[in-house]
Amino acid sequence: MSFLEELNTVQRHAVEAVDGPVMIVAGAGSGKTRVLTYRTAHLLQKGVRPESVLALTFTNKAADEMKSRIADLVGPASRALWMGTFHSLLARMLRFECEPLGYGRNFSIYDSDESLSLIKGIMNDLGVSQQQFTPSGIRSRISNAKNSMVPPAELQRRAVDIQATRTADIFVEYEARLKRANAMDFDDLLLKPLELFRAHKDVLKRYQQRFQYIQVDEYQDTNRVQYLLLHELAAGHKNICIVGDDAQSIYSFRGADIRNILDFQKDYPDCKVFRLEQNYRSTKTILGAADSLIRHNVDQIKKTLWTSNADGDQVVVDVCDDDREEGRRIVAHIEEEIRHRKRSLCDFALLYRTNAQSRVLEDALRRNGIPYVIIGGVAFYKRKEIKDVLAYLKLLANPKDDESLLRIINVPARAIGDTTIKRIRSVAAGERLTMMDALAAKGLEGLLQDRALRAVRQFHAMLAKYIGLKGQMSLSELARALVDETGILRILKEENTPEATARRDNILELISAITEYADTHEGAILEDFLQEVSLVSDVDTAEFGRNAVTLMTLHAAKGLEFPVVFIAGLEEGLLPISLSLDTREQIEEERRLMYVGMTRARQQLYLSHARSRYHQGEVMFSVRSRFVEEIDPLHLAFRGGAAAAHDPQVQTQVRPRTATRTPAWRAPVKPVGQRGGSPDPMPRYEDESQEQIHLHVGLAVTHETFGQGRIVALDGSGSQARAVVDFKSVGRKQLLLKFANLRAGA
């Protein structure tokens, strides 16, 4: 029997259409990998030479899986296929063709860490402050320029501020040093072939003739450079077959351009289009719910998904009072599914929008003895930025902890380099001091330059200050104040890359964990919290093997499937995320992300949202995501008692469906001492760190870190007096007036 007989009618027609441009619109769970695999095998079976087939994927895993399947279908001839990721195959090509570009064939490929190290060296040589301009932020901007095909000289011409000017200057030197080192970074692996093809038409023609058939998986994820490369290679024969699903385009932050797949028919007017609309994965209910959601997108290729699978149960929507209840309900559903449907732990996946959300879910699973693994990331308390902040806190609890001090002595960067650290350690060893005590030792004065000595003394003073305050401030206030003073959050905000935003969110989530611990443990002290965290950190979830619940972000879940899927945090500002509420295009990508998560489920789908959750160390009240409202209610079963679908309070909180920014809102704080709508001034608080001013609700104030704001609440007295200030730059902050140093006036 021919392997083509294993395909349905549309799949087979797509496989057999081998000549000319072909677009295969592959809906979720429609057998995309099988079609691409069988199409390649069919080409070889028809007598096409394997080395004339270029098959491009986005992951090595996908390429290896397809190679194995093709080998099973047609035998060892498939080994000569050019099949792999864009970066791997183009690097292979450059090994043969890079000399016209001025590179030797033994060129090095710099990974992200090596690129970052090179940028740091350039910044040092050019005298660019790494405190003012973060190296990772510079690297991100250079990468964006490369992917947008903006050369260094053009970036210099466009520069309108000091940050853009410094980036352009570093970009010029970065490219020069890469060339001198006979090295390329990851972006170059895409750019250099395009540069080669445009400057040397003979090389382009040779590869056009060589690759008679081009196949591209996940075409919706291609960026501008990849699009242009494919256009050049296919310009002669036009035997290009792209497979993808516009409804699963979720990587614009990496440069992916959904227009590439939406406009494919404009680029190739004579292309054949095949729509794979039969879903083999999900129940009718899950598929109907997902389809009713994605239909709200304007930019899409029309298709109607259907399945012959069973109807299945309704999609459960849990309306929870807070994020801890959300975690408990998910655990209860898992236990119920195991008990009544005999499921294994590996049948469950917990999906969320941001890595920071995993902390509450991990806590719920751990407290109930449920093993879990994290895919596409590390456990919350093992992430670098979390361990950095915990190292600060460990030093407050135990100043003799030299390892914690060494971890953060230059985090964030404070001009304490390796040579300085080496000399501090020498003094500590010579005078038999802890590293903490060595920071204040007189012996350093003759060893360190003035700048380094000032940085060391300032670092010591900050630590000593908070060691002294440890017994005077609440646990949550201590953590918030220390993190604010280190400047970590400010630096990550200014860096403004997706990675920096994720790291900042994780640190804020740690503050939430500390606040929650303090709120739920009477007499909570720092040492107790650190002990609990240490026990969490020691759990090696990998030891549970395959029999464990899977946790991952929605982005990481693409391409996977599970019998039971949970999507947590369906709240405005979280999903859709607040950074994506500005334009219709951004909202539509968030909706596609939700669609991807829903279509990972085979048999049961649970959605949940919390009416409040800890965020940035404070309780936030939330509005249910518009995406829940957009799903056909016939497919949904709301749970949560009074907080169900017909609860008027929940319904009135539903956000209008507009593209304007409306992030999650906080509970109104009742101002202290307010009568009859007019502010009752708080008694003057006199302290050397606080101006002697009359503070009252509504007063415009200025903070040296957060800038301009307005007081919205006052509480406490004496050394425990606090103010809640709504800052223009960072939103609301609760400040201990003793240390806030607020100034009247904006």
Side-chain angles (χ1 to χ4, degrees), residues 23-30 32 218-223 242-266 273 275-277 279 281-282 285-307 315 317 351 353 553-555 557-559 565 567 569-601 605 607 623-636 654-662:
M23 178 169 71
I24 302 174
V25 183
S30 63
K32 167 183 70 70
E218 305 287 8
Y219 189 72
Q220 76 278 354
D221 293 335
T222 54
N223 63 23
I242 62 108
V243 182
D245 181 7
D246 58 290
Q248 298 185 65
S249 179
I250 58 174
Y251 294 121
S252 66
F253 66 93
R254 294 180 185 171
D257 188 350
I258 192 175
R259 304 308 313 182
N260 291 349
I261 190 168
L262 294 179
D263 293 343
F264 188 81
Q265 288 176 271
K266 294 180 183 177
V273 180
R275 290 175 170 81
L276 306 184
E277 297 174 318
N279 177 286
R281 177 187 300 157
S282 305
T285 298
I286 292 171
L287 191 63
D291 193 51
S292 67
L293 171 70
I294 201 63
R295 286 182 182 276
H296 286 79
N297 273 10
V298 175
D299 292 333
Q300 62 176 297
I301 299 171
K302 298 299 182 184
K303 51 189 172 295
T304 303
L305 299 185
W306 63 278
T307 183
V315 175
V317 181
L351 311 182
R353 178 62 177 86
T553 65
L554 286 158
H555 283 100
K558 188 167 175 289
V565 168
I567 303 179
L570 279 165
E571 296 136 34
E572 289 292 308
L574 198 52
L575 184 63
I577 201 164
S578 58
L579 297 175
S580 299
L581 296 177
D582 288 332
T583 67
R584 176 179 61 80
E585 289 77 13
Q586 290 173 320
I587 288 291
E588 292 200 354
E589 176 151 338
E590 291 289 300
R591 189 177 287 112
R592 292 193 294 268
L593 186 59
M594 175 71 176
Y595 172 83
V596 165
M598 295 175 72
T599 55
R600 300 310 95 193
L605 175 62
L607 311 177
V623 177
R624 184 162 69 198
S625 171
R626 72 191 72 190
F627 297 154
V628 176
E629 313 306 319
E630 292 173 352
I631 299 172
D632 187 337
L634 293 176
H635 301 303
L636 302 179
V654 174
R655 184 188 182 284
R657 295 174 192 168
T658 67
T660 57
R661 182 185 296 269
T662 306

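The figures here come from the full heavy-atom set of this structure, side chains too, leaving out hydrogens, waters and symmetry mates.
Every salt bridge (charged side-chain N to carboxylate O under 4.0 Å, His left out) that Lys266 has, sequence neighbours left out, goes to Asp263. Evaluation of the salt bridge (charged side-chain N to carboxylate O under 4.0 Å, His left out) rule for Asp246 yields Lys303 as partners, not counting sequence neighbours. Listed by chain and residue number, Glu589 satisfy the salt bridge (charged side-chain N to carboxylate O under 4.0 Å, His left out) test with Arg592 (two or more places apart in sequence, or in another chain). Every residue two or more places apart in sequence or in another chain that forms a ring pair (Phe, Tyr, Trp, His ring centres under 6.0 Å) with His555 is listed here: Tyr251, Phe253. Applying the ring pair (Phe, Tyr, Trp, His ring centres under 6.0 Å) test to Phe264 and every residue at least two apart in sequence or in another chain returns Tyr219, Tyr268. Applying the salt bridge (charged side-chain N to carboxylate O under 4.0 Å, His left out) criterion to Arg295, with sequence neighbours excluded, gives Asp291.
Across every non-hydrogen atom of Thr599 and Arg281, the tightest pair is O-NH1, 2.7 Å. Of all the heavy atoms in Val273 and Val25, the pair that sits closest is CG1-CG2, 4.4 Å. Contact detail for Ser30 and Gly27: the closest heavy-atom pair is OG-O, 2.6 Å. Closest approach of Leu575 and Ser625 over heavy atoms only: O-OG, 2.7 Å. Nearest approach of Asn279 to Ala28, heavy atoms of both residues: ND2-O, 2.5 Å. The shortest heavy-atom contact between Val596 and Leu554 is CG1-O, 4.4 Å.
Distance CG/Leu276 to CD1/Ile24: 6.5 Å, rounded to 0.5 Å. Note that CG of Leu293 is 6.5 Å distant from CZ of Phe627, once rounded to the nearest 0.5 Å. Taking OG from Ser282 and CZ from Arg600, the interatomic distance works out to 8.0 Å, rounded to the nearest 0.5 Å. Atoms OG and CD1, on Ser249 and Ile258 in that order, are 4.0 Å from each other to the nearest 0.5 Å. Atom OH in Tyr595 sits 6.5 Å away from atom CD1 in Ile294 (nearest 0.5 Å). Taking CG of Leu607 as the reference point, atom CD1 of Ile567 lies at 5.5 Å (rounded to 0.5 Å).
Under the 4.5 Å side-chain criterion, counting only non-hydrogen atoms from C-beta, Leu262 is in contact with Asp299. When side chains are defined from C-beta on, Ile250 does not count as touching Glu590, because their heavy atoms never get closer than 4.5 Å. With contacts defined as side-chain heavy-atom distances shorter than 4.5 Å, the pair Leu593/Arg353 qualifies. Gln220 is not listed as a side-chain neighbour of Asn260, based on a closest heavy-atom distance of 4.5 Å or more. Between Thr553 and Leu351 the shortest side-chain heavy-atom distance does not fall below 4.5 Å. Ile301 has its side chain within reach of Arg275: a pair of non-hydrogen atoms, C-beta onward, lies under 4.5 Å apart. You'll find the side chain of Thr307 stays beyond 4.5 Å of the side chain of Leu305, heavy atoms only. You'll find the side chain of Asp257 stays beyond 4.5 Å of the side chain of Thr222, heavy atoms only.
A salt bridge links Glu629 with Arg624: the closest approach of a Lys/Arg side-chain nitrogen to an acidic carboxylate oxygen falls below 4.0 angstrom.
Put simply, the side chain of Glu588 gets close to the backbone of Val298: a donor and an acceptor are under 3.5 Å apart. Using a distance-only test at 3.5 Å, with no hydrogens or angles considered, a donor-acceptor pair links the side chain of Glu277 to the main chain of Thr304. At least one donor-acceptor pair closer than 3.5 Å links the side chain of His296 to the backbone N or O of Ser292. Proximity of a side-chain donor or acceptor of Glu218 to a complementary backbone N or O of Val243 within less than 3.5 Å is not detected.
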I'd like to know whether Ile261 forms a side chain to side chain contact (heavy atoms under 4.5 Å, CB included) with Ile242, so could you lay out the CA-CA distance, the side-chain angles of the two residues, the decisive distance to 0.1 Å, and finally the verdict.
CA-CA 8 Å; Ile261 190 168; Ile242 62 108; 4.2 Å; yes
For side chain to side chain contact (heavy atoms under 4.5 Å, CB included), just list the numbers for Val565 and Met598, CA-CA rounded to whole Å, side-chain angles, deciding distance to a tenth of an Å, and then say yes or no.
CA-CA 8 Å; Val565 168; Met598 295 175 72; over 6 Å; no
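Applying the side-chain hydrogen bond (donor to acceptor under 3.5 Å, both in side chains) test between Arg591 and each of Gln300, Gln586, Glu630 identifies Glu630 as the sole match.
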